[in-house]
Amino acid sequence: DSIDPLRDIEVINYELIMADLTTCENRLAKITKKAQTKDKDAVYEYSILEKIHKCLLEGALINTIDFSQEEKDYVKTLNFLTFKPVIYVANIKEEEINDPSVNENYNKVKELALKTNSEVVAISAKIEEDLSGLDKAEKQAFLNDLGIDHSGLDELIAKAYAILGLKTFFTVGKDECRGWTFKDGMKAPECAGII
């Protein structure tokens, strides 16, 4: 019956840690014998999994471990939930949309996001609901009346694309105009392959 975003985040993180712990222990059970035979790849994976296991047992997220870039690239392939980037979405009141920092709970989430190298987006669910039923011109007029440039949902999409390293290009033809998502840094011939 109370609003406490840090408590809610802690509960969710605990559930994610438990899921990752199960994944890690299952993977360790499979790789341990192979690592004992001095298989180079197995020894490497075992050493990383041991770091991860220790971290999870301490109740910390995997993304808090100080991995080398090579280790980070390898851990990405293991698909642990607590290694993935995080965006917190804070639901605020309509009147707080121009200055979310007046909301104490938003400030708590923002402080946590800074500590954990995460992102936070302030959204007013009521405003987003109101925007969903409007056409483009009405939407822009509504946003102008509120004194904001874009909706919270637009900001969330932009941050999600940025955190995932994604961009969009468009193709225009006689019959359609279409957007295509690509990884930042891809060259034009690679992007053409997406089409």
Side-chain angles (χ1 to χ4, degrees), residues 4-90 100-101 105-123 152-169 180-191 193-194:
D4 185 352
L6 297 182
R7 176 198 62 214
D8 297 342
I9 290 168
E10 186 179 317
V11 169
I12 291 168
N13 284 345
Y14 177 76
E15 291 175 7
L16 295 173
I17 287 169
M18 295 308 294
D20 278 353
L21 188 58
T22 301
T23 301
C24 183
E25 287 174 348
N26 288 341
R27 188 75 190 152
L28 272 170
K30 290 179 183 175
I31 200 80
T32 301
K33 287 183 182 178
K34 199 171 183 182
Q36 289 171 344
T37 65
K38 306 294 185 210
D39 178 81
K40 184 180 172 185
D41 294 334
V43 170
Y44 180 71
E45 182 176 347
Y46 182 83
S47 69
I48 290 175
L49 288 172
E50 278 294 302
K51 282 185 198 178
I52 291 171
H53 191 253
K54 183 176 184 259
C55 172
L56 294 170
L57 286 176
E58 292 170 357
L61 305 177
I62 296 171
N63 64 12
T64 62
I65 300 173
D66 189 26
F67 288 117
S68 68
Q69 188 56 50
E70 180 186 342
E71 289 173 327
K72 281 181 185 177
D73 293 340
Y74 189 79
V75 174
K76 276 183 190 175
T77 67
L78 301 175
N79 294 315
F80 285 108
L81 298 172
T82 62
F83 187 67
K84 298 188 181 303
V86 175
I87 300 175
Y88 296 107
V89 178
S101 64
N105 288 321
Y106 171 79
N107 290 330
K108 289 178 185 177
V109 173
K110 187 166 185 161
E111 186 178 318
L112 175 67
L114 288 172
K115 287 179 187 174
T116 60
N117 200 25
S118 302
E119 297 284 340
V120 64
V121 176
I123 288 182
L153 187 57
D154 291 339
E155 185 180 350
L156 178 60
I157 292 167
K159 284 199 182 212
Y161 262 62
I163 208 167
L164 295 171
L166 299 175
K167 297 209 175 195
T168 304
F169 70 92
W180 303 85
T181 302
F182 67 98
K183 280 277 194 192
D184 191 15
M186 288 176 72
K187 304 245 187 278
E190 294 171 299
C191 291
I194 294 172

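Heads up: numbering here begins at 1 and tracks the sequence.
Between F83 and D20, the closest side-chain pair of non-hydrogen atoms is not below 4.5 Å. Within the 4.5 Å cutoff, side-chain heavy atoms of F80 are placed close to those of C24. Counting heavy atoms from C-beta on, the side chains of M186 and I194 come closer than 4.5 Å. Side-chain contact between E15 and V11: present, with at least one pair of heavy atoms (C-beta onward) separated by less than 4.5 Å. Here the side chains of K51 and I62 are not in contact, with every heavy-atom distance at 4.5 Å or above. No side-chain heavy atom of I65 sits less than 4.5 Å from a side-chain heavy atom of V75. Counting heavy atoms from C-beta outward, V86 and L61 have side chains that stay 4.5 Å or more apart. In this structure, the side chains of E50 and K54 stay at 4.5 Å or more apart for every pair of heavy atoms.
Atom NZ of K167 is surrounded by 12 or fewer heavy atoms from other residues, nucleotides or ligands within 6.0 Å. With a 6.0 Å radius and a threshold of 12 heavy atoms from other residues, nucleotides or ligands, E10 has its CD atom at or below the threshold. Residue-environment remark: NZ (K76) stays at or below the threshold of 12 foreign heavy atoms within 6.0 Å.
Side-chain polar atoms of Q69 and D73 form a donor-acceptor pair below 3.5 angstrom.
Atoms CD1 and OH, on I123 and Y106 in that order, are 11.0 Å from each other to the nearest 0.5 Å. Atom CG of residue D4 and atom CD1 of residue I9 lie 9.0 Å apart, to the nearest 0.5 angstrom. Rounding to the nearest 0.5 Å gives a distance of 9.5 Å between OG1 of T23 and CG of N79. Rounding to the nearest 0.5 Å places CD of E70 at 7.5 Å from CD1 of I48. Summarising the geometry, atom NZ belonging to K115 is positioned 14.0 Å from atom OG1 belonging to T64; distances are rounded to the nearest 0.5 Å. We find the OG1-CD1 distance between T82 and I12 to be 13.5 Å, quoted to the nearest 0.5 Å.
Of all the heavy atoms in Y161 and T181, the pair that sits closest is OH-OG1, 2.9 Å. The minimum heavy-atom distance linking V109 with P5 is given by the pair CG2-CB, 3.6 Å. Of all non-hydrogen atoms in A113 and V120, the two that sit nearest each other are CB-CB, 4.2 Å.
For the pair K183 (side chain) and L164 (backbone), a donor-acceptor distance under 3.5 Å is present.
Sorted by first and then second residue, the pairs that involve residues 19-50 and meet ring pair (Phe, Tyr, Trp, His ring centres under 6.0 Å), not counting sequence neighbours, are Y44-Y74. Pairs passing the side chain to side chain donor-acceptor pair (under 3.5 Å) check and including a residue from residues 26-41, sequence neighbours excluded, read R27-E45.
For T116, the side-chain contact (heavy atoms from CB on, under 4.5 Å) criterion is met by Y88, L112, S118, not counting sequence neighbours.
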